[in-house]
Every structure is written in C-alpha cells, then in structure tokens.
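As structure tokens, the structure follows; a few thoughts come after it.
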Amino acid sequence: MATQHSRAAARLMISPAVALLLIWMIVPLTMTIWFSFQQYNLLYPDRTGFAGWSNYVYFVTDFRFAPAIRNTLVLVLGVLAITMIGGILLALLLDQPFWGQGIVRLLVLAPFFVMPTVSALVWKNMFMNPVNGFFAHIAKAFGGQGFDFLGQAPLFSIIIMVAWQWLPFATLILLTALQSLDREQMEAAEMDGAGPLSRFVYITLPHLTRAITVVILIQTIFLLSVYAEILVTTNGGPGTASMNLPFLVYLASIVDNDVGMGAAGGVIAIILANIVAFFLMRAIGKNLDA
Amino acid sequence: MARRIPTARKTLTTAAAWTTGLVIFFPILWIVILSFKSEGDAIAPPLTMLSAPWTTEAYTTVQERSDYFKHFWNSVVISVGSTLIGLAIAIPAAWAMAFVPGRRTRDLLMWMLSTKMMPAAGVLVPMYLLFRNFGLLDTRIGLVGVLTLINLPIIVWMLYTYFREIPGEILEAARMDGATLRSEILYVLTPMAVPGIASTLLLNIILAWNEAFWTLRLTAANAAPLTAFIASYSSPEGLFYAKLSAASVMAIAPILILGWFSQKQLVRGLTFGAVK
C-alpha cells in the first residue's frame, strides 16, 4: 500500500537518524585507526609522522597488556557465571506464587538502577573496607579480623560489585521469559510422571534458551567496557591486578598522553567487542523475522 | 483454573523470596540508614550505629560543601536533554520504518544497532581530542550530544517495536470513515503511540542518568553530573561515610523511582525487543 510518495516521505523521515549515526560511526572510528598508525604523544609534540605497526607492538608488548586481557576475560566470565546461575535460580524462585511478589520484584530489581560510581564506592567503603566496613564489623564481632578485599582480592571484589549490578538484569529478563511458559505443558509433563529436575531440563531450560543467549550477549557487551567501577576503587591495582582493557586504554591515552598507543589499544578493544557483537546481532536479527 | 497451592509451600516460598530480596536490596537499605547518622556513628559497629540518634546533618553538609544541586541539575539537563533530542530524531525514523517498511528496513535497523557495539574506550582518544579542539570539554552541550548519539539506536529500536504493533488496518478504517490526515494523526495514531514513546523516554533517561564513561572522562567541575560528582568521593578526606551515603541516596533515589515505574517496559527496551 506504500506509494511512491510515501516512500519518499519515509526516506526523508529516516535520513536525519541515519546521517547522525553514520557520522558518529565513521568520524571517531577513522580517527582512532588513523592515530593508531601515527606517532602522537602529547608530551613530545615534535615527534610526528607515520608509525607503522609500532603503536600496536608497544601496546601488545606493554607489561600491562597480558594482565589486562586476562583480567578482562576473568571479569566478563566471572560476572556472567554469577549472574546467569543466580539469575536462573532467582527467576525460578520469583516465578512461584508467594505473598508480596510485587514488592520483592522491586527489591531485586533495585541494584540495576544504581549508578556505577555509587555502587562501587558504597561496596568499597561501607562494605569491603578492612577497618570500618560492614564485613569487617561482622568478622570482628566473631573475633576475626577485617579482610582487605580490594588489596588482597581486587579483581574478585570488582566482580562482586559488578555482579550485584547485573544480577537484577538477568533475573528480570529470565523471569519475563519464564512467565510466557505454557503452564498446561508443564502440568501434562507432571501428570506423565516427570520430576521437577527433568521438567526443568527438558521444558524450562529449552524455553529459556533465547532469553539466556540474549542476556549473555548483552551483558558481555557491557562487561567488556567496565570502567567506572575500576576507576573509583582500585585504579587497576595493586600493580596490574585489576586492570582491564578499557582501563589500560584510558591509562595509555589520557594518563600517559600517548595518543598513538591509546588508539592502537582502542582498535584492539573494538575488534574484541565486534567478535561478540557479531553473535549478538545474529541472535537479535533472527527475532526480527519472527 | 488456578491450581491450589498448599499454604505450607507458599509460606516457605514467601520466606525464601523475601530473604533473597532483602539480601540483594541490603546495600541500598544500609546507605539510607547511614545517611541519617552522624559521621562518628556511621563508622561504628552495626548495632551501635543503629541505636545512635538520627540526624539529617549529612544531607545539609553535602549541599553546603559541594553544591550538590548544581550536579543534580547537570544530570537532569544531560539525561532529559539527550533523551528529548534523541526522541525528536528517532520518532520520525521509527515511524517510517514501521509503517512504510522497505526492502532495506531490516538491514538499516541492524546497522543502527551495530553502532551501539562500539566500545567507548575504542573511540576515547578521538572524542577527547575533538572535544578539546572544539572547546566542548566540561560543557553540558557536548555531553548531551554524545549521549544522544550513543542512545539513539536504542531509542529507534524501542520505538520501532512499539510502532510495529499498531495495526495498519486501523488507519485504513479511519480513512474510509473520512478522516483527514490531520485527524488521523491526532485522534488515531497519537493515542496509540503515546505509551510506547513514554516508556522509551523513561528507559532512556535512566540509561543516560547512569552513564559512567563519557560523563567521567569529558567533564570536570562545571558540567559534571552526579556520576562524576560521586566519583570525587573516591579520594576523600576525614570521615565521610554519612556524607557519601547522603549524596548516594540523593543521586539514585529519582532514578530508582522512575525505574520501578518502568520495569515492565525495561525488558523489551534492554533486549531490543528480543524478549517481551
């Protein structure tokens, strides 16, 4: 029913959004790639010119690079493990009938709305501080001593903070998916003698597959760029113990003023994110046809 | 045909669900309590702290010492501003894609989504230099621009999934009944589109309010929104638990309330329509 006229109008309506996103995509990306092949250090403005692959070589051989990649992966996988297992269990629990469902839902959802800097600082000071933190007080009440979470187990502590923020996301989405499960199919299986475990494995889990995929992929995109939580708690330390890739890019480009090297790190971060994005886009694209 | 649930089982589930809910919510509850204590009491062991007198001292101090409301206002301007501009650009686009779908509509949507996959750290260098050269560092207008661009794909997507559910036949019916284009838009389409636009607005304000990469890197004293203001507590002097709690409570309260209202729409928006 679309006429020639309405097609032209539609193109006109879409073009501002497309033009803006095109600029947003092309300009910074081209600049990042360009800088990554240039000698460009704000501290040495006289050294300029084509750098070849040297920025990449410097970035990859930097002593912080290997720990940063490892930490990035540990952070992503650690948070995913906690939020997926916790999220499925929580969704199953909240899907049962109980008194006060609405209120408990709100309580569980709340951490998702807490801004990253608040969440990180509250965990760092009010809970994980080895002297005055909540955990330290509890330990002391039982005759123990406060544990220096961020000094002794920095990456683990950051994983806990980030997982606390993302658990509600996983739970909410899995719960929504769970609620569209066909109850009659469940009851039929029950009457045929399927136990709770086999009902979960053969009916619930397959039904949740798509939601689980989407949660994993979306979380991965965000978790690959965790930054604020590290900035306000450990600054990547002690040493390189809690440094991830985005944080290293920030250190190289803004703190060390080496624009070229930071840009090379940025290109590496983009490649890493795009590998994940490829699979996410396929999962979402499939849904568009349905 | 609700099945009868044994009361014993329901009681057990209720206990388990409430316990889990309260454990997850506990850090937020805790800072609300701490924010109404004096600095000295705030670092005391929990039982001593709980029995200490209540005070609103921390709230007054935060405002006096750090001009809290300036940062609050920055957050409002940046999140609401970027959302409104985003909507103004996205509504026509999503509208056209939903009602006049072409052969390339699907590719276009996927491409828009792909721009969202670019990690912020990847383009930190050029953005920082562009901002510096155009004098946009530490300005609200600069941040509004960046946040509009990073959230535009989500806005378009969310609106598109809502608009697509408006049946096209209803327009034809209105036309048959002799509705003019103007009354068609005013009385038929707008009422059906408003709920979708409203939930998109809410979700996007939440996302922009909590954005903590560009707001931290591109602002200093003047344009800093609450994310950056709170980050200044990472290297504090003296006792600060009550003040940090008060500042945190004020920073998250508005968005927590907005979020609770929009929780139903959240799922659709955050999964780009893949889970409803």
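Residue numbers start from 1 in every chain, and the chains themselves are labelled A, B, ... in the order their sequence lines are given, proteins ahead of strands.
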Which answer fits [X], side chain, backbone, both or neither, if we ask what part of it has an atom under 4.5 Å from a heavy atom of chain B?
| X | value |
| --- | --- |
| A/Leu167 | side chain |
| A/Phe112 | both |
| A/Phe247 | neither |
| A/Arg105 | side chain |
| A/Leu12 | neither |
| A/Leu94 | side chain |

Which one, [options], leads in non-hydrogen pairs under 4.5 Å with chain A?
| options | value |
| --- | --- |
| B/Ala42, B/Gly102, B/Ala44, B/Ala228 | B/Ala44 |
| B/Ile89, B/Leu207, B/Ile252, B/Leu149 | B/Leu149 |
| B/Ser245, B/Ala17, B/Ser114, B/Pro46 | B/Ala17 |
| B/Ala247, B/Ala251, B/Ala90, B/Gly122 | B/Gly122 |
| B/Leu129, B/Ile91, B/Ile150 | B/Leu129 |
| B/Ile31, B/Ile206, B/Leu258, B/Ile28 | B/Ile28 |

Winner by heavy-atom pair count (cut-off under 4.5 Å) against chain B, out of [options]:
| options | value |
| --- | --- |
| A/Leu22, A/Val215, A/Leu90 | A/Leu22 |
| A/Ser36, A/Pro16, A/Gly266 | A/Gly266 |
| A/Thr30, A/Ile103, A/Leu121 | A/Leu121 |
| A/Val249, A/Thr233, A/Leu93 | A/Leu93 |
| A/Met31, A/Glu229, A/Gln101 | A/Met31 |
| A/Ile173, A/Asn132, A/Asn235 | A/Asn132 |

Got [X] and [Y] here, is their nearest side-chain heavy-atom distance under 4.5 Å?
| X | Y | value |
| --- | --- | --- |
| B/Arg9 | A/Gln96 | yes |
| B/Phe25 | A/Val108 | no |
| A/Val104 | B/Leu22 | no |
| A/Asn129 | B/Tyr241 | yes |
| B/Asn210 | A/Pro116 | yes |

Roughly how far, to the nearest 0.5 Å, is the [atom2] atom of [Y] from the [atom1] atom of [X]?
| X | Y | atom1 | atom2 | answer |
| --- | --- | --- | --- | --- |
| A/Leu107 | B/Thr20 | CG | OG1 | 10.5 Å |
| B/Ile33 | A/Met126 | CD1 | CE | 12.0 Å |
| B/Met112 | A/Ile14 | CE | CD1 | 7.0 Å |
| B/Thr13 | A/Asp95 | OG1 | CG | 11.0 Å |
| A/Ser253 | B/Arg217 | OG | CZ | 9.0 Å |
| B/Ile43 | A/His137 | CD1 | NE2 | 7.5 Å |

Taking [X] for the side chain and [Y] for the main chain, is one N or O donor matched with an acceptor at less than 3.5 Å?
| X | Y | value |
| --- | --- | --- |
| B/Thr115 | A/Met25 | no |
| B/Trp18 | A/Trp99 | yes |
| A/Trp164 | B/Ile24 | yes |

Using non-hydrogen atoms only, which part of [X] is less than 4.5 Å away from chain A: side chain, backbone, both, or neither?
| X | answer |
| --- | --- |
| B/Leu256 | both |
| B/Phe240 | side chain |
| B/Thr215 | neither |
| B/Leu152 | side chain |

Shortest non-hydrogen contact from [X] toward [Y]:
| X | Y | result |
| --- | --- | --- |
| B/Met127 | A/Pro28 | SD-CG, 4.1 Å |
| A/Met13 | B/Ala96 | CB-CB, 4.0 Å |
| B/Val125 | A/Ala263 | CG2-N, 3.8 Å |
| B/Pro119 | A/Ala269 | CG-O, 3.6 Å |
| A/Ala110 | B/Trp260 | CB-CZ2, 4.0 Å |

> Which of parallel (below 30°), tilted (30 to 60°) and perpendicular (above 60°) describes B/Trp30 and A/Phe127?
Replying inline: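 If you compare the ring of B/Trp30 with that of A/Phe127, the planes turn out tilted.
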
> What class does the angle between the rings of B/Phe26 and A/Phe134 fall in, given that below 30° is parallel, 30 to 60° is tilted and above 60° is perpendicular?
Replying inline: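 Tilted.
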
>> According to side chain to side chain donor-acceptor pair (under 3.5 Å), does anything in residues 107-126 of chain A pair up with another residue at least two apart or in another chain? List the pairs.
In response: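 For residues 107-126 of chain A: none.
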
>> Using the rule given for side-chain contact (heavy atoms from CB on, under 4.5 Å), can you reason through A/Val122 versus B/Ser248, listing the C-alpha separation, both sets of side-chain angles and the distance that settles it, and then say yes or no?
In response: CA-CA 8 Å; A/Val122 166; B/Ser248 299; 4.1 Å; yes

> Can you name the residues that form a side-chain hydrogen bond (donor to acceptor under 3.5 Å, both in side chains) with B/Tyr128, not counting sequence neighbours?
Replying inline: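 For B/Tyr128 there are no side-chain hydrogen bond (donor to acceptor under 3.5 Å, both in side chains) partners, ignoring immediate neighbours.
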
>> If you apply the rule side-chain contact (heavy atoms from CB on, under 4.5 Å), what do you find for A/Val232 with B/Tyr233, and how did you get there?
In response: CA-CA 8 Å; A/Val232 299; B/Tyr233 277 92; over 6 Å; no

